[in-house]
> 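Let me begin by handing over the structure; questions about it come next.
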Protein chains: 2
Amino acid sequence: MDNNVQELQDYEKLKKARDRFVSEVAKNIHLYDISHSVGRLYGTVFFSEDAMTLDEMSDELGMSKTSMSTGIRSLVEVNMVERVWEKGIRKDLYKTEDDWYKSFSNVFINRWRNATEQNTIAIQETKEMLHELNDTTGSDHLKQLIKSDLTKLKQAEAYYTWLDDVISLFETGEIFDIVPKREPN
Amino acid sequence: MDNNVQELQDYEKLKKARDRFVSEVAKNIHLYDISHSVGRLYGTVFFSEDAMTLDEMSDELGMSKTSMSTGIRSLVEVNMVERVWEKGIRKDLYKTEDDWYKSFSNVFINRWRNATEQNTIAIQETKEMLHELNDTTGSDHLKQLIKSDLTKLKQAEAYYTWLDDVISLFETGEIFDIVPKREPN
DNA sequence: TACGTTGTACAGTTTTTTCTGTACGTACTT
DNA sequence: AAGTACGTACAGAAAAAACTGTACAACGTA
């Protein structure tokens with residue numbers, strides 16, 4: 001039937017349209033420390049009408065089920081995707097967290113919080129090492145270098161403290177008082 | 001001489017101390033889309049008393065001069081490192097931008113601004129494609145899917161608009177009114 | 001209990017990224 | 001003009017990351 005042919009072509013067009021967006025998301029998702037194809041995976045699940053099974057994702061993306069499994073897991077870990085249950089369905093089902101403010105902020109906050117924490121610890125430890133060295137060494141030149149290093153570290157430390165404050169802004173949700181959420185129109 | 005031996009050991013300790021910090025920076029620098037070893041390179045230049053030449057970096061890190069060249073270039077491109085001139089020195093000299101607020105914010109802003117822009121464009125285009133399809137298709141089911149897709153895209157769009165606002169906060173420096181810079185103490 | 005389904009650990013392969021050495025262009029020096 | 005020093009383009013090597021197929025454990029079903 002002609003109608004069916006036309007309809008199939010139309011579905012193809014839908015796919016194309018979706019793909020335009022998914023490709024772009026995938027291209028930029030690395031900013032959230034997520035790989036390109038996991039980004040595509042996210043996009044695929046995002047557009048799916050219903051929650052998807054691993055097999056469906058595998059079909060849709062033409063990739064191994066193993067990849068889907070690990071990919072989805074990493075998305076679940078950062079709360080961008082959640083597992084859902086449906087009566088009578090034995091397979092695991094997944095859907096994207098639909099609040100982007102939540103899902104993306106979340107990833108962002110976790111990664112950056114973690115990094116600043118680690119860096120701050122490293123600064124403290126480095127400072128300690130330098131102080132100790134300063135107390136034990138007899139070399140004036142070395143003491144001079146240490147002094148200069150400490151100055152640099154203190155500046156870095158100040159920056160990380162600030163960054164930490166910024167992250168808190170997001171963590172507490174205060175950011176939404178300053179930059180209000182936008183309503184879809 | 002015993003004193004010399006001791007002093008050498010002390011310099012080693014200085015290196016170790018610096019390394020503690022540099023390693024951590026390198027570990028987390030990927031959040032700024034910079035690779036691990038370019039992160040180490042940054043750290044090395046950061047601690048150097050004087051501006052460094054490519055050869056010095058190469059020695060210090062035990063890596064090829066070619067790598068130093070490309071690494072430094074990428075750091076210069078994102079304004080984390082700058083080239084400096086010193087009278088009588090023919091080689092290129094580099095030092096780190098010492099205002100971390102500037103250097104890091106800069107990288108961050110550029111990358112994210114770029115991503116949101118591209119994503120927003122993609123959303124617009126996808127929306128157009130969907131609207132067109134909606135106008136031409138005869139399938140009710142398809143129209144339903146399109147409607148659902150458009151809703152999702154509008155939500156994403158709202159999120160990106162918000163994100164764009166947030167980035168502007170940093171770009172304009174307004175963020176510092178809200179979260180003031182910290183003074184090193 | 002035997003059998004089929006589903007998800008994932010793991011080892012090996014493929015792909016991508018990073019790193020190096022060579023070669024060469026440019027610019028300074030003599 | 002010839003010689004030397006310097007930075008980088010480019011091609012290939014090495015390393016890292018991503019992907020796949022196989023095998024198996026867990027669980028449900030007959």
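By convention in this document, chain letters (A, B, ...) are assigned in the order of the sequence lines, proteins followed by strands, and residues within each chain are numbered from 1.
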> From CG of A:L41 over to C1' of D:dA18, roughly how many Å is that when rounded to an integer?
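Going from CG in A:L41 over to C1' in D:dA18 covers 14 Å.
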> Apply ring-ring contact (aromatic ring centres under 6.0 Å, His included) to B:F108 and list each qualifying residue two or more places apart in sequence or on a separate chain.
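Listed in chain order: A:W112, B:W112, B:F170.
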> State whether A:K65 and A:D59 are salt-bridged, where the test is any N-O pair (Lys NZ or Arg NE/NH1/NH2 against Asp/Glu carboxylate O) under 4.0 Å.
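Answer for the salt bridge query: no.
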> Spell out protein contact along nucleotides 19-30 of chain C as letters: B when the base is contacted, S when just the sugar-phosphate is, - when no protein heavy atom is under 4.0 Å; keep the 5' to 3' order.
SBBB-----S--
> Rest of the hydrophobic cluster containing B:L93 (Ile/Leu/Val/Met/Phe/Trp/Tyr, side-chain heavy atoms under 4.5 Å)?
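Its cluster partners, ordered by chain and number, are B:V84, B:I89.
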> When you match A:R73 and A:K91 each to their closest nucleotide on DNA chain C, which lands nearer the 5' end?
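On the 5' side of the pair lies A:K91.
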> Calculate the interatomic distance between A:D55 atom CG and C:dT5 atom P; express it in whole Å.
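Interatomic distance, CG of A:D55 to P of C:dT5: 11 Å.
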> Whole-Å distance between C:dT6 P and A:R83 CZ?
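Answer to the nearest Å: 13 Å.
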> Can you name the side chain to side chain contact (heavy atoms under 4.5 Å, CB included) partners of A:V179, sequence neighbours left out?
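Only A:I175, B:W162, B:D165, B:V166, B:L169 meet the side chain to side chain contact (heavy atoms under 4.5 Å, CB included) criterion with A:V179.
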> What is the separation between atom CE on A:M57 and atom P on D:dT20, rounded to the nearest whole Å?
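For the pair A:M57 CE and D:dT20 P, the rounded distance is 15 Å.
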> My understanding is that a hydrophobic cluster links ILVMFWY residues whose side chain heavy atoms are under 4.5 Å apart, including indirect links. Using that, what else belongs to the cluster containing B:W85?
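Traced through the cluster, B:W85 reaches no other member.
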> Got a sec, which residues hit side chain to side chain contact (heavy atoms under 4.5 Å, CB included) with B:T70, two or more places apart in sequence or on another chain?
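Expected list: B:R73.
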> Just jot down the salt bridge (charged side-chain N to carboxylate O under 4.0 Å, His left out) partners of B:K127, sequence neighbours excluded, or say none.
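Salt bridge (charged side-chain N to carboxylate O under 4.0 Å, His left out) check on B:K127 returns B:E157.
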> Return the residues of residues 25-34 of chain B meeting this criterion: a heavy atom under 4.0 Å from some atom of DNA chain C. Order them by number, or give none.
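Close to the strand, none.
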> Using the test side chain to side chain donor-acceptor pair (under 3.5 Å), find all partners of A:D98 that sit at least two apart in sequence or belong to another chain.
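Result, side chain to side chain donor-acceptor pair (under 3.5 Å) vs A:D98: A:K95.
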> The criterion is side chain to side chain contact (heavy atoms under 4.5 Å, CB included); which residues satisfy it with A:E125, sequence neighbours excluded?
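Result, side chain to side chain contact (heavy atoms under 4.5 Å, CB included) vs A:E125: A:I121, B:R20.
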> Defining pairs by Watson-Crick or G-U wobble geometry with both distances under 3.5 Å, how would you list the stems of DNA chain D with at least three pairs each?
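Stems for DNA chain D, defined as runs of 3 or more consecutive pairs: C:1-30 with D:1-30.
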> What is the distance, rounded to the nearest whole Å, between atom CG of A:D92 and atom C1' of C:dT5?
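Going from CG in A:D92 over to C1' in C:dT5 covers 12 Å.
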> Starting at atom CG of B:L75, determine the distance to atom P of C:dT18, rounded to an integer number of angstrom.
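After rounding, the reported distance stands at 13 Å.
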> Between A:F46 and A:Y42, how do the two ring planes meet: parallel, tilted or perpendicular, split at 30° and 60°?
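The rings of A:F46 and A:Y42 lie parallel, inter-plane angle below 30°.
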> Can you name the side chain to side chain contact (heavy atoms under 4.5 Å, CB included) partners of A:Y11, sequence neighbours left out?
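A:Y11: side chain to side chain contact (heavy atoms under 4.5 Å, CB included) contacts with A:E7, B:S139, B:H141, B:L142, B:L145.
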